[in-house]
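Working notes for the structure below.
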Amino acid sequence: MKFLAEEFDVAVIGAGHAGIEAGLASARLGCKTGVFTINMDAVGNCPCNPSIGGTAKGHLVREIDALGGEMGKAADECFLQSRMLNKGKGPAVHSLRAQIDRRAYSARMKHTLELQENLELRQAEITELEKDSDGMWVLTTRLEAQYKAKAVILATGTYLGGKIYVGDVSYESGPDGMFPAKYLPDSLEKMGMIIRRFKTGTPARVLRSSIDFTDLEEQSGDDPIVPFSYDTTDPGENKVKCYVSWTNDKTRKVILDNISRSPMYSGKIEGIGPRYCPSIEDKIVRFSDKPRHQLFIEPCGLDTEEMYIQGMSSSLPEDVQLDFYHTIKGLENCIVMRPAYAIEYFCADPIQMNRTLEFRDFSGLYGAGQFNGSSGYEEAAAQGLVAGVNAALKIQGREPMILDRASSYIGTLVDDLVTKGCNDPYRMMTSRSEYRLILRQDNADVRLTPTGRRIGLISDDRWNRYQEKLEHINAELERVRTTVISPSEEINSILRERNTSEIRTGVRLAELIKRPELNYEVLAQVDKTRTETDRNVLEQVEIEIKYEGYIKRQLIIIDQVRRLESKILPADIDYSTIDGLRLEAREKLNKVRPESIGQASRISGVSPADISVLVIYLSTLKNKK
């Protein structure tokens with residue numbers, strides 16, 4: 001018999017990386033928040049790789065932290081090994097990645113939710129979602145308890161209609177052998193929501209003692225360690241090593257001989273898999289010209305002997321998995337503790353949402369994470385933060401938080417999803433941003449802390465430290481731009497060693513730093529006025545000086561684009577009635593319902609000529625008014 005258990009301002013369905021950030025943001029902004037999870041022990045679980053960050057993903061974590069989110073702090077507390085990726089390339093693509101202790105991270109996040117004021121964590125499977133006559137959302141659990149909420153955030157991860165595939169075997173399941181959310185998809189379809197099937201996968205976990213590390217390439221962490229969170233002052237030390245190995249001709253033969261047994265190639269899997277994180281059998285088939293593929297052997301935690309085989313996800317039968325893992329150097333005698341598997345699940349078409357991640361046709365209903373068609377813990381957490389903040393702001397009658405593409409990778413992520421949609425699980429990459437040089441991970445706090453402060457997620461202490469950092473950056477910029485280095489044998493010797501021209505007259509320090517061959521450290525011995533300065537300040541100052549011309553040009557482009565973003569399109573436009581628009585443009589515009597001319601210009605199928613028609617149409621509307 002159904003009964004009313006409790007009422008919330010915001011209810012979050014799911015307690016993975018999206019649900020955690022959504023629930024914390026909502027509660028910290030003063031809304032009474034309920035977070036529902038199928039299994040309390042799965043809060044903050046990392047069912048795939050126990051790592052946070054990576055290329056472009058590290059940017060997202062830094063941005064989440066700058067806005068007042070939790071992921072960066074938790075990753076810093078639970079990391080096993082930390083590395084900055086792409087250090088041999090420009091600063092725009094430097095990305096932090098940390099291997100974390102999987103269970104420690106999950107426990108830390110669960111405890112954070114339990115201690116959070118205004119937040120209640122509940123173990124319950126939500127089976128039905130509907131609106132009552134008062135406009136409140138009603139959530140019904142499998143035990144027939146009902147909860148009411150003014151806003152609901154769907155952060156169901158891969159649980160929604162989850163189905164596991166290992167060769168010919170398939171069964172209903174969430175990740176890691178958890179129960180799936182079996183009944184909620186029917187309720188969402190009944191509402192009229194467009195949902196579809198996506199697929200992802202995970203590699204095997206093997207017993208550490210069964211691995212022969214003798215000839216494997218070691219991969220050590222960085223020293224010094226750069227933390228994710230701007231609140232972390234003492235990140236600690238690396239605790240483990242990771243290892244690199246490769247597939248070979250034997251691996252390839254085992255997989256190709258059994259490819260017909262893969263549910264991906266036999267047609268049993270309906271869902272669309274991630275383009276940029278394919279299974280090993282997909283790699284072998286798609287990249288047949290490559291003689292080998294790299295894999296990483298990484299620990300899952302300090303208190304477990306499980307090792308994660310990154311780069312080797314598969315849906316092949318277990319016996320085939322054993323055969324191909326045993327062909328790889330170091331894994332010849334490995335014991336597989338958990339076989340690899342593929343998981344298929346329901347998710348929503350994100351084109352149904354606006355840039356607050358609220359569904360246009362369902363007021364007060366938001367989506368976040370893999371439910372929106374993305375992949376990755378970091379993408380999920382970023383969307384969870386956006387959805388949680390905006391649900392709370394709407395309830396409080398405040399202006400929404402909308403991050404544009406020029407402000408952040410989070411803004412790029414959300415805009416891509418709701419404007420372009422996704423035909424396969426969306427993964428954030430640096431190449432997706434046209435403003436990479438502006439949106440670096442080192443300046444995420446400079447870009448977004450004011451937004452976090454305005455919303456109410458940045459404490460007084462954090463805000464004061466942020467302002468102090470800005471003062472140090474400005475002071476250092478002023479110093480290097482006014483400090484003159486006089487010609488001497490000392491400085492010219494340094495310049496000769498670095499294969500750059502000597503100086504004959506006094507040169508400002510900033511002009512020397514700008515040279516590609518030079519940097520702060522090289523010039524330290526002749527920089528007599530330099531004081532002990534935080535390395536983060538020096539990093540941002542050096543980048544600002546070296547890339548000054550490029551940054552200025554990009555800022556001009558951003559200003560031009562933002563003018564288009566400021567041209568707001570009325571929500572009730574019927575694009576099929578606008579003369580001059582091509583048929584494809586009318587269909588796409590009516591489907592996406594862009595909020596501005598700028599957003600309309602990024603819709604696939606809308607041409608520059610169509611944008612000109614829209615600009616004229618807006619001008620006509622303005623003149624009529």
Side-chain angles (χ1 to χ4, degrees), residues 16-17 42 45-51 54 57 102 156-178 180 196-206 247 251 254-255 258-287 293-298 300 306-325 328 331 336-347 369-371 373-380 422-427:
H17 304 282
N45 186 30
C46 298
C48 201
N49 195 352
S51 70
K57 294 168 178 282
R102 177 187 182 194
T156 51
T158 60
Y159 284 83
L160 201 64
K163 192 171 186 179
I164 296 290
Y165 288 88
V166 182
D168 295 328
V169 178
S170 63
Y171 51 91
E172 293 179 339
S173 175
D176 272 346
M178 297 288 179
R196 65 267 182 90
R197 298 287 277 178
F198 272 5
K199 181 219 77 146
T200 189
T202 187
R205 275 66 160 178
V206 304
T247 64
T251 318
V254 170
I255 290 172
N258 292 277
I259 198 70
S260 62
R261 299 180 65 191
S262 166
M264 281 181 56
Y265 288 90
S266 65
K268 291 183 179 178
I269 292 182
E270 301 172 7
I272 302 169
R275 184 186 315 176
Y276 300 104
C277 190
S279 65
I280 186 60
E281 56 264 36
D282 207 17
K283 289 180 188 177
I284 295 292
V285 172
R286 285 168 54 188
F287 307 108
H293 296 274
Q294 193 175 40
L295 58 110
F296 300 87
I297 303 172
E298 302 168 328
C300 291
E306 287 186 82
M307 300 291 282
Y308 181 89
I309 313 299
Q310 183 192 340
M312 294 287 286
S313 66
S314 178
S315 60
L316 283 163
E318 187 172 7
D319 61 307
V320 178
Q321 291 184 35
L322 292 172
D323 286 346
F324 73 65
Y325 280 124
I328 295 167
L331 302 180
V336 174
M337 300 175 71
R338 305 190 199 205
Y341 64 83
I343 184 168
E344 198 177 54
Y345 55 95
F346 282 113
C347 59
Q370 286 181 280
F371 176 77
S374 65
S375 72
Y377 309 145
E378 303 81 4
E379 291 89 340
C422 53
N423 296 319
D424 51 74
Y426 178 101
R427 178 179 179 175

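Side chains are part of it too, since the values below use all heavy atoms of this structure and drop only hydrogens, waters and symmetry mates. Numbers here are sequence positions counted from 1.
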Exercise. Is there a donor-acceptor contact under 3.5 Å from the side chain of T156 to the main chain of Y159?
Worked result: no
For this session: Taking the side chain as every heavy atom from C-beta outward, state whether I343 and P175 have any pair of such atoms under 4.5 Å apart.
Result: yes
Problem set entry | Reported OG1-to-CE distance for the pair T202 and M312, which is rounded to 0.5 angstrom | 12.5 Å
Problem set entry | Atom of C300, atom of P50 and distance for their closest heavy-atom approach | CA-CG, 3.9 Å
Exercise. With a 4.5 Å limit on heavy-atom distance, are the side chains of F198 and C422 in contact?
Worked result: yes
Exercise. Checking side-chain contact (heavy atoms from CB on, under 4.5 Å) for the pair Y325/V206: CA distance, chi angles, key distance, verdict?
Worked result: CA-CA 10 Å; Y325 280 124; V206 304; 5.6 Å; no
Exercise. Does E318 reach the main-chain N or O of V166 with its side chain, forming a donor-acceptor pair under 3.5 Å?
Worked result: no
Exercise. Is the backbone of N49 close enough, under 3.5 Å, to the side chain of Y377 for a donor and an acceptor to pair up by distance?
Worked result: yes
Seminar exercise, completed: Taken in chain and number order and not counting sequence neighbours, the residues that satisfy side-chain hydrogen bond (donor to acceptor under 3.5 Å, both in side chains) with D168 are K268
Exercise. After noting the C-alpha distance and the side-chain angles of L295 and I280, does the key distance pass the side-chain contact (heavy atoms from CB on, under 4.5 Å) rule?
Worked result: CA-CA 10 Å; L295 58 110; I280 186 60; over 6 Å; no
Problem set entry | Distance, nearest 0.5 Å, that separates NE2 of H17 from CD of E379 | 11.0 Å
Problem set entry | Within 6.0 Å of CG in D319, more than 12 heavy atoms from elsewhere | yes
Seminar exercise, completed: OH (Y426) and OG (S375) are apart, to the nearest 0.5 Å, by 10.0 Å
Exercise. Is a donor on one side and an acceptor on the other found under 3.5 Å between the side chain of R338 and the backbone of V336?
Worked result: no
Problem set entry | Contact summary for V254 and N258, nearest pair of heavy atoms | O-ND2, 2.7 Å
Seminar exercise, completed: One should read off an interatomic distance between S315 OG and R261 CZ, to the nearest 0.5 angstrom, of 11.5 Å
Exercise. If you measure from CD1 on I309 to OG on S314, what distance do you get to the nearest 0.5 Å?
Worked result: 13.0 Å
Exercise. Which heavy-atom pair separates I164 from S173 by the least distance, and what is that distance?
Worked result: CG1-CB, 3.5 Å
Exercise. Has the side chain of Q321 got a donor or acceptor atom that lies under 3.5 Å from a matching backbone atom of A340?
Worked result: yes
Exercise. Taking side chain as C-beta onward, heavy atoms only, is R427 less than 4.5 Å from K57?
Worked result: yes
Exercise. Are the side chain of S170 and the backbone of Y165 linked by a donor-acceptor contact shorter than 3.5 Å?
Worked result: no
For this session: Please report the shortest heavy-atom distance between R205 and C48, naming the atom on each side.
Result: NH2-O, 3.1 Å
For this session: Just jot down the side chain to side chain contact (heavy atoms under 4.5 Å, CB included) partners of Q370, sequence neighbours excluded, or say none.
Result: T158, T200, Y345
Problem set entry | Donor-acceptor under 3.5 Å (T247 side chain, H293 main chain) | yes
Exercise. Are any non-hydrogen side-chain atoms of R196 and C347 less than 4.5 angstrom apart?
Worked result: yes
For this session: Evaluate the side-chain proximity of Y308 to S51: yes if any heavy-atom separation is below 4.5 Å, no if none is.
Result: no
Exercise. Would R197 count as a cation-pi partner of F346, with NZ or CZ less than 6.0 Å from the six-membered ring centre and within 45° of the ring normal?
Worked result: yes
Problem set entry | Gap separating the CG atom of D282 from the OG atom of S262, nearest 0.5 angstrom | 8.5 Å
Seminar exercise, completed: Here the pair of heavy atoms bringing P278 nearest to S313 is O-OG, 3.8 Å
